[in-house]
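Reading through the structure tokens given below for one structure.
Atoms considered below: every heavy atom in the structure, side chains included; atoms not considered: hydrogens, waters and symmetry mates. Numbers restart at 1 for each chain; the letters A, B, ... are given by sequence-line order, proteins then strands. Everything numeric here is computed off the predicted structure, so don't read it as measured data.
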There are 2 protein chains.
Amino acid sequence: MKIDPKNPANLSAQIAKSIRDSIINGDLIVDERLPSESELADQFDVSRPTVREALKRLAAQNLIRTQRGATGGAFVRRLRYQDAYAQHVTTSTLLLSMNDVTFETACEARFTLERACAPLSAKRRSAQQVATMRAEIQRQEQADLSDEHFCDSDVAFHRALVDGAKNPVLSYQLAGAVEAMQPLMNMITFSQRNREIIVGLHTRIANSIEAHNAASIDEALEELASYTLKLGRAALAARANRSKDAIA
Amino acid sequence: MKIDPKNPANLSAQIAKSIRDSIINGDLIVDERLPSESELADQFDVSRPTVREALKRLAAQNLIRTQRGATGGAFVRRLRYQDAYAQHVTTSTLLLSMNDVTFETACEARFTLERACAPLSAKRRSAQQVATMRAEIQRQEQADLSDEHFCDSDVAFHRALVDGAKNPVLSYQLAGAVEAMQPLMNMITFSQRNREIIVGLHTRIANSIEAHNAASIDEALEELASYTLKLGRAALAARANRSKDAIA
DNA sequence: AATTTTCATTTGTCTGACATTTATGATTTG
DNA sequence: CAAATCATAAATGTCAGACAAATGAAAATT
């Protein structure tokens, strides 16, 4: 745990990597205390600020937590679903916004993943889950609901669908699809969409979930996918027309 | 961009959050240069080491890159698929190792996601992709291949299957499933498995991909899933027996 | 025995300094 | 005049030492 070539470029990155590797391969286990900053500085033969920069890198990845005081220090942190979930959503959002992803690509990825969950969700659905979905549908029916809140409710609805599979690993893997891609789509299509159509499809999905009817959910999701795709194309076409007008 | 309550707890975390938010909501765009460390220290009214700790947090998330020299500084970094992919794999690996995920749960998540990709992959498969899959199968047939290399090849095979969908967003979302969960399964099942059975199923998948036969891929993947599940249960049973013997 | 005080340890932060890298512009040279 | 060289300034990377704040444990007191 004290490997550091005299390559004097990015010491804090190297130290962070060294500690991270120790966590990943199990040399450091959950809740284990790392040596104090001064001890680490001695071990790696660097100054304390450099060690601190390394520790902050690890803290940014939720790999350690720090505690002040006599028995304080840096401790290996148990990575929780909640943290990983949030991290995944942030990364997915940035990835989409920085990388010219076509609407088609994002739409396809999202619905492919969501449709994969639906059969499990149909099989294992709980009364609680159905109630959540129906409550969100009710919110979506309110005409005075802002576009932003409609989007939030839309996300909550689809998240309930995914969580209905009762598989936390699956929910985590789909976090990006539901919470990053769907707001993106909402942002693009909100001016074109008809809320009634969407609410209608959501209602069909909720009914089918309640009836444990996987095939029917898949049908509704496919319709929702093609409707979304149509909206996206219309929105892009409208935008293209506007720029043409602007030029002319 | 200079909001900081006098809550003197984790200044560097607050500063990092402030800058991160500016990136996410678009106030700072890709390749834009941040103020120098000294300027940031003035703006936030903290010292330079504190600013540096904040910047290291952002660097750990691949949100900025730094450059030394006269025209150097910290620049907003375009998050690339490759970086997000690696990050996702690391997080998934840690999440699995730290959270008592049952074999059933991981197995279900992985195959659910992979089977969702298969139809797209069957439709869009390229000669290149089929060649990659066949090459990995050939490697897997070598009797003297170590378990570790067999696992690597297994991952490469399934990654080719997923990438065959030609949807980079999908590939990214599935990174955790392929590159974190599958090695975990290999590690659990390697003592019990019969390589010939796995190679046989891989061959069926490759053939079906080449023939654009989605239904046949799904069948083979389902068999692979149930075989893997059987192996996992056997391995866990064997382990339970060993501990019972150890006690007796 | 219970409470209070003291103390040592550790993280959080600051100040100031020097080293290193790198683009720019001035200087020197062919 | 053009080209190469050198000095300079700006920025990050690193270091040393210091103090503040939090915190638990041991010591002292009631």
Side-chain angles (χ1 to χ4, degrees), chain A residues 1-20 22-23 28 31-77, chain B residues 1-20 22-23 28 31-77:
Chain A
M1 179 160 156
K2 44 180 68 88
I3 316 150
D4 253 4
K6 52 240 31 129
N7 166 3
N10 27 349
L11 287 178
S12 76
Q14 289 177 45
I15 293 169
K17 177 165 168 36
S18 169
I19 298 176
R20 189 183 304 114
S22 297
I23 295 175
L28 292 169
D31 287 336
E32 185 168 342
R33 183 178 172 282
L34 276 78
S36 74
E37 293 176 353
S38 310
E39 286 168 2
L40 286 173
D42 287 345
Q43 281 184 31
F44 287 110
D45 202 28
V46 297
S47 70
R48 196 160 82 96
T50 302
V51 168
R52 282 184 60 81
E53 288 179 7
L55 293 179
K56 293 315 165 200
R57 288 176 188 262
L58 299 175
Q61 297 180 307
N62 292 312
L63 292 184
I64 61 169
R65 63 189 160 80
T66 57
Q67 196 178 326
R68 284 166 78 162
T71 57
F75 297 83
V76 178
R77 191 168 185 276
Chain B
M1 179 160 157
K2 43 181 67 91
I3 315 147
D4 252 4
K6 49 238 42 126
N7 166 2
N10 16 344
L11 288 178
S12 76
Q14 289 176 46
I15 294 169
K17 176 166 169 35
S18 170
I19 298 175
R20 188 183 306 115
S22 297
I23 296 175
L28 292 169
D31 288 334
E32 184 168 342
R33 183 178 172 282
L34 277 76
S36 75
E37 294 176 353
S38 310
E39 286 167 359
L40 286 172
D42 287 345
Q43 281 184 31
F44 287 110
D45 201 28
V46 298
S47 69
R48 195 161 80 96
T50 302
V51 167
R52 282 183 59 81
E53 287 179 9
L55 293 179
K56 294 315 166 201
R57 288 175 187 262
L58 299 175
Q61 296 180 307
N62 292 314
L63 292 184
I64 61 169
R65 63 188 160 82
T66 56
Q67 196 178 325
R68 286 167 76 161
T71 57
F75 298 83
V76 178
R77 190 167 186 276

Check your understanding: Looking at A:D31, A:L63, A:L34, which one forms a side chain to side chain contact (heavy atoms under 4.5 Å, CB included) with A:V76?
Key -> A:L34
Check your understanding: Near DNA chain D, which residues from residues 51-67 of chain B have a heavy atom under 4.0 Å away?
Key -> B:R52, B:K56, B:T66, B:Q67
Exercise for review: For side chain to side chain contact (heavy atoms under 4.5 Å, CB included), just list the numbers for B:Q67 and B:F75, CA-CA rounded to whole Å, side-chain angles, deciding distance to a tenth of an Å, and then say yes or no.
Suggested key: CA-CA 8 Å; B:Q67 196 178 325; B:F75 298 83; 3.7 Å; yes
Review point. With a 3.5 Å cut-off and just heavy-atom distances, do the side chain of A:R48 and the base of D:dT14 make a donor-acceptor pair?
Key: no
Would you tabulate the pairs of protein nitrogen or oxygen atoms and nucleotide nitrogen or oxygen atoms of nucleotides 4-9 of chain C closer than 3.5 angstrom?
| from | atom 1 | to | atom 2 | distance (Å) |
| --- | --- | --- | --- | --- |
| C:dT9 | O2 | A:A70 | N | 3.2 |

Practice item. For A:P49 and for B:E39, find the nucleotide of DNA chain D with the closest heavy atom, then tell me which residue's nucleotide is more 5'. Key: B:E39
Check your understanding: Side chains of A:Q61 and A:R20: is there a donor and an acceptor less than 3.5 Å apart?
Key -> yes
Practice item. Verify whether one side chain among B:R48 and B:S38 offers a donor that lies under 3.5 Å from an acceptor in the other. Key: no
Practice item. Determine the sole option in B:K17, B:R57, B:K56, B:R52 for which the side-chain hydrogen bond (donor to acceptor under 3.5 Å, both in side chains) test with B:S12 is passed. Key: B:R57
Point to revise | Contact under 4.0 Å: A:S12 side-chain N or O vs D:dG13 OP1/OP2 | key: no
Check your understanding: Can any side-chain N or O of A:R65 pair as donor or acceptor with the backbone N or O of A:G73 at less than 3.5 Å?
Key -> no
Check your understanding: CG/B:L58 to CD1/B:I15 distance, rounded to the nearest 0.5 angstrom?
Key -> 10.0 Å
**Study point:** Over 12 foreign heavy atoms within 6.0 Å of CG, A:D42
**Key:** yes
Specify the separation, in whole Å, of atom [atom1] of [X] and atom [atom2] of [N].
{"X": "A:L40", "N": "C:dG12", "atom1": "CG", "atom2": "P", "value": "13 Å"}
{"X": "A:N10", "N": "C:dT21", "atom1": "CG", "atom2": "C1'", "value": "14 Å"}
{"X": "B:R68", "N": "D:dT12", "atom1": "CZ", "atom2": "C1'", "value": "6 Å"}
{"X": "A:E37", "N": "D:dA16", "atom1": "CD", "atom2": "P", "value": "15 Å"}

